[in-house]
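Notes to accompany the following structure.
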2 protein chains.
Amino acid sequence: MKLLIENVSIVPMTANDESIEKGYIVIADNCIEKIGPGEAPADNYEQRLDGHNQMALPGFINTHTHAAMTLLRGYADDMPLMEWLEKKIWPLEARLTAEDIYWGTMLAIVEMIKSGTTCFADMYFYMDEVARAVEKTGIRAVLARGMIGVGPENEQALTESRELAGKWQGKANGRIKFILGPHAPYTCPPDYLRKVMELAEELNIGLHIHLAETAGEVADITRIYGKTPTAHLESLGFFEHSVLAAHCVHLTDEDIAILAKYQVGVAHNPESNMKLASGIAPVPKMLEAGIPVALGTDGASSNNNLDMLQEMRTCALLHKVNTSDPTVIPAYQALEMATVNGARALRLSSETGQIKVGMKADIILLNTAQAHLIPCYDLVANLVYAGQASDVNTVIVDGNIIMQDRVLKTIDEKEVLSQAQRICARFR
Amino acid sequence: MKLLIENVSIVPMTANDESIEKGYIVIADNCIEKIGPGEAPADNYEQRLDGHNQMALPGFINTHTHAAMTLLRGYADDMPLMEWLEKKIWPLEARLTAEDIYWGTMLAIVEMIKSGTTCFADMYFYMDEVARAVEKTGIRAVLARGMIGVGPENEQALTESRELAGKWQGKANGRIKFILGPHAPYTCPPDYLRKVMELAEELNIGLHIHLAETAGEVADITRIYGKTPTAHLESLGFFEHSVLAAHCVHLTDEDIAILAKYQVGVAHNPESNMKLASGIAPVPKMLEAGIPVALGTDGASSNNNLDMLQEMRTCALLHKVNTSDPTVIPAYQALEMATVNGARALRLSSETGQIKVGMKADIILLNTAQAHLIPCYDLVANLVYAGQASDVNTVIVDGNIIMQDRVLKTIDEKEVLSQAQRICARFR
């Protein structure tokens, strides 16, 4: 099966000067076979997409979310963190069934595809349902069953994670990857983390953890272990595994050096950190240290959306004002964070995050013929500073068109919206 | 002419508990005649809009922009402020013709209407062209010819402003209002500001000024006049006029007390202030002091869009993280800033900014049946934290439908986009 995208502007994210004003992309099966300027070589293309007035770029990679939390979007906002968690979020989460998680994840995937996300990293529960939704919808995902070491279900979380990895690893033509999800240093004591690391070693898979999200966490961990959360994890040998660390808001310079040394993937979640008033992560410093810093939305209950274009823009703007330096995180770097850095952070950079021969075809097309994207002196600046989710016109994952002209091809969108509304009626 | 909007959710912005889950709005000529829950009273309605799956709210009020600067969108980004101005923005602005300003403003108005803005405050040049664009498109505007007191054109700016006010005041069925636009304390010396104030008094009109945007400005003014910019303007009697002050980033507590005492309208431009790394305005303190703080996008060259939904969300998120308090600027207050506070800041609160009997019908309808707005526990939280410009479906200004189902009724959108592209080709 050969698919040709022609007459399209291409931002391949291989290097800042490698954009193509008008060119073509050939997709053979699930991979990118050719890319170039001008007209495509003649061939037997089963399918053609006209890219006139469109730009092609690698799909966005949302490196930290809890997809099914779309069911809690707007359920409680503008509250102090612990009150929000204890009085609102946790009690509602305790009521969620496996079926709820399936439809909540489907709702999230609809929103993600419609805003150009082609791959996401999820940490939640009933992950069998999440994997089913990923399989069905055609999106790519790195999944982890959240593991709490202090609760009664800590052993079950290990057993389930082993089963999930056994059942789903590499399934859906390789679109599904399972890793382990020890929730955070403050919910997973050292003994438990050691068990998690043993399992990671046995299964040869990575780890997804929340790290240094709040000042309170840093104070607590430092009081108990005499070390920052990052230094604490290092001392346990945690970073000798492939680690994706979400948030990393409160870091010392030594912490940054540790994350750089082990090339820990960092999922920066600027909007969630702002909305919960957690703080501002030292992203420019982390980037300078060579850490693969990527972007995530976090769950829709603390954002309240899964829109990676917004996350990119907010990231670029936030760090400029925070450092009093308008040159910090220029547009291209913000777009790198949302694409190629996302792939690095998820250890998928040989597969996705760039439009490059041999990589999986995870590509989005955006409609550029719109008032808010005119004039166009700089495609990338327009995209980052003025792009909207609704500009995403076509989404291709693993070589399959899963949205065309804003119509979802693998999902009955109406059914998903109505199932989500039915479920949420219970929580009013 | 009677227009009925029925079966619609209404957020009137009169008070937080006055939202209507399903109701109607009757518009007679250019004003709101009735509003209520349930079914509308029987009457001879010439036109009906079905509000099923839509929410109605007052149109957004963009209290500070330079509309024609859409022509400079993405022309130069991620640069230090003075280099950006001196090497990029000012040289290009010097090349803009009256015709450019017309089409640049048209482009801005297309973007504004499509993102739900029904009224904007503009400060730029060739304002005759701007007024023509406002008249033609059906939007509402408060216009000011930018006045630089130190340049060779300082007298001309006074003469032109007088002529513009004479020609346009109250025109287009009252949709156009002219005020004076002394650019800033650092470009308008006291003698010049006195002349401006005399003219404002003579014409009985207000003033639109940039105030305390950067730390550099505050340092310069303090060095020259021994006072902060705000205290300096107060000492000149400036605030005895109706003043709209843009930015107000660097303020002392005394400055805030002055702005509160005179009820100066403040146009807060969070995204521009972030992008240029100007700083973070003390908005929660200003709101607490009772200052009518509204929102603006600033020009598209420092934003780079005119999307008030984004501005609202950024405002709410930015001040939460800046104050380490997630309860600061809750969703409803952010929406107030974008609507009712905008009207207060522009001295239009008897006309617009709320859906209320007797007010002008400046109303927008947003499509709520979308993945990113589901579930809906709280209409306002969904709108502020997850709403997108493209959710705006219908826009009514002064009782006229100027966009319906995302189709502009008063503007040939294709022509505007192509004229803007033609003009900007000169600047490449």
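Predicted model only: the values in this text are computed from it and were never measured. Chain identifiers are assigned alphabetically (A, B, ...) following the order of the sequence lines, protein sequences preceding nucleic acid strands; residue numbering begins at 1 within each chain.
The contact between B/L72 and chain A is made entirely by backbone atoms, counting heavy-atom distances below 4.5 Å. For B/A369, the part sitting under 4.5 Å from any heavy atom of chain A is the backbone (N, CA, C, O) and nothing else. Contacts of A/Q370 with chain B are made by backbone atoms alone, with heavy-atom separations under 4.5 Å and no side-chain atom involved. Looking at A/A108, neither its backbone nor its side chain comes within 4.5 Å of chain B, counting heavy atoms on both sides.
Between chain B and the options A/A76, A/C376, A/A300, heavy-atom pairs under 4.5 Å are most frequent for A/C376. When each of B/L107, B/L317, B/T70 is checked for heavy-atom pairs under 4.5 Å with chain A, B/L317 comes out on top. Comparing A/K275, A/R73, A/K320 by how many heavy-atom pairs each has under 4.5 Å with chain B, the most go to A/R73. Taking A/K114, A/H319, A/Q388 one by one and counting their heavy-atom pairs under 4.5 Å with chain B, the maximum is reached by A/Q388. Of the listed residues B/D378, B/V110, B/N382, the one with more heavy-atom pairs under 4.5 angstrom with chain A than any other is B/N382. Most heavy-atom pairs under 4.5 Å with chain B, from the set A/G387, A/A277, A/P270: that is A/A277. Chain B forms the most heavy-atom pairs under 4.5 Å with one residue out of A/I280, A/T314, A/L71, and that residue is A/L71.
Listed for the A/E311 side chain is no donor-acceptor partner under 3.5 Å among the backbone atoms of A/L295. Without hydrogens or angle criteria, A/E213 side chain to A/H247 main chain gives no donor-acceptor distance under 3.5 Å.
Within residues 322-335 of chain A, the residues having any heavy atom less than 4.5 Å from a heavy atom of chain B are, in residue-number order, A/S324, A/D325, A/P326, A/T327, A/I329, A/P330, A/A331. Residues of residues 413-428 of chain B placed with any heavy atom under 4.5 Å of a heavy atom in chain A are listed by number as B/L417, B/A420, B/Q421, B/C424, B/F427, B/R428.
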- Message: One pair to check against side chain to side chain contact (heavy atoms under 4.5 Å, CB included): B/L379 and B/L383. What are the steps and the verdict?
- Response: CA-CA 6 Å; B/L379 259 185; B/L383 175 76; over 6 Å; no
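Partner of A/T297 under the side-chain contact (heavy atoms from CB on, under 4.5 Å) criterion, out of A/N304, A/D307, A/N303, A/N269: A/N303 alone. Partner B/T137 forms a side-chain contact (heavy atoms from CB on, under 4.5 Å) with one of B/L408, B/T105, B/I402, B/I109 and no other, that one being B/I109. Here the options are A/S301, A/S302, A/S278, the test is side-chain hydrogen bond (donor to acceptor under 3.5 Å, both in side chains), and the partner is A/S272; only A/S302 passes.
A salt bridge is defined here as a Lys NZ or Arg NE, NH1 or NH2 lying under 4.0 Å from an Asp or Glu carboxylate O, and B/E271 with B/R313 fails to meet this definition. Checked for salt-bridge contact, A/D100 and A/R95 miss the test: no charged N lies under 4.0 Å from a carboxylate O.
For A/Y385 and B/D78, the side-chain atoms include at least one donor-acceptor pair closer than 3.5 Å. Under the 3.5 Å distance criterion, with hydrogens and angles disregarded, a donor-acceptor pair is assigned to the side chains of B/Q310 and B/N305. A donor atom on one side chain and an acceptor atom on the other are found under 3.5 Å apart for A/N393 and A/D405. Side-chain contact annotation: B/S9 with B/E21, donor-acceptor N/O pair under 3.5 Å absent.
For the ring pair (Phe, Tyr, Trp, His ring centres under 6.0 Å) test, no residue two or more places apart in sequence or in another chain qualifies with B/H372. Listed by chain and residue number, nothing satisfies the ring pair (Phe, Tyr, Trp, His ring centres under 6.0 Å) test with A/Y102 (two or more places apart in sequence, or in another chain).
For the atom pair CD1 of B/I101 and CE of B/M69, the computed distance is 9.5 Å after rounding to the nearest 0.5 Å.
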